[in-house]
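Convention: sequence-line order gives letters A, B, ...; per-chain numbering from 1. Since this is a predicted model, take the numbers as computed values, not measurements.
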Amino acid sequence: GAGVSQSPSNKVTEKGKDVELRCDPISGHTALYWYRQSLGQGLEFLIYFQGNSAPDKSGLPSDRFSAERTGGSVSTLTIQRTQQEDSAVYLCASSQQGARTEAFFGQGTRLTVV
Amino acid sequence: RKEVEQDPGPFNVPEGATVAFNCTYSNSASQSFFWYRQDCRKEPKLLMSVYSSGNEDGRFTAQLNRASQYISLLIRDSKLSDSATYLCVVTHSGGYNKLIFGAGTRLAVHP
């Protein structure tokens, strides 16, 4: 595709349910990032993938959060037993490998836990 | 201490004004530096990269001071359309390029 694609764009879920958020990066981009942004706040790093491996998952807030990437392409962020504080916009970005490469963001998934 | 720090603002300026933002970073081994722009309820988009020698793109000038570990963005002749949040981004060294975002500086340009 032309850009980073995320789905769904909006998700409303009940507290305690599991959700899966999907990111389809730009073709050929080996680096993939997940960030979270709460209303009026900055971007909070969650996890970084290089290819299929995640050398840095230090930002995942709890063991309810997990992510995987398959085929060096699509990534899925899973939140188990959602809580109200998980409500935020989840942003995915991808870039080519290299120090000066631009990261391109998807439009995000707005998650609301009710 | 946060790895990348920015004044959150908001900076409220009239059209035509010149405004400058600074950003400081804590990791002296950081390799690359960028300014991103984020409009309300939109995703961040690259505004410009920041090079050691400083660089200019139209009304925007970015500078890097490695010795003092800060980055600056200067906007001249502000337009209403410049109203946004400006994010300072640093790549974290250590075998791979992890993007570290500052919390952003809000700019509001008024008529």
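- Contact annotation for A:Thr30: neither backbone nor side-chain heavy atoms come within less than 4.5 Å of a heavy atom of chain B.
- Under the 3.5 Å distance criterion, with hydrogens and angles disregarded, a donor-acceptor pair is assigned to the side chains of B:Gln6 and B:Thr105.
- For A:Ala31, no part lies near chain B; criterion is any non-hydrogen pair under 4.5 Å.
- In this structure, chain B has a heavy atom under 4.5 Å from the side chain of A:Gln37, while its backbone stays farther away.
- A distance-only check finds a donor-acceptor pair linking the side chain of A:Arg69 to the backbone of A:Gly51 [under 3.5 Å].
- Of the listed residues (B:Gly102, B:Pro8, B:Pro44, B:Cys40), the one with the most heavy-atom contacts under 4.5 Å to chain A is B:Pro44.
- Side-chain contact between B:Val13 and B:Asp82 is absent, with no heavy-atom pair separated by less than 4.5 Å.
- The aromatic rings of A:Tyr35 and A:Phe45 sit perpendicular, their planes meeting at an angle over 60°, well past the 30° parallel limit.
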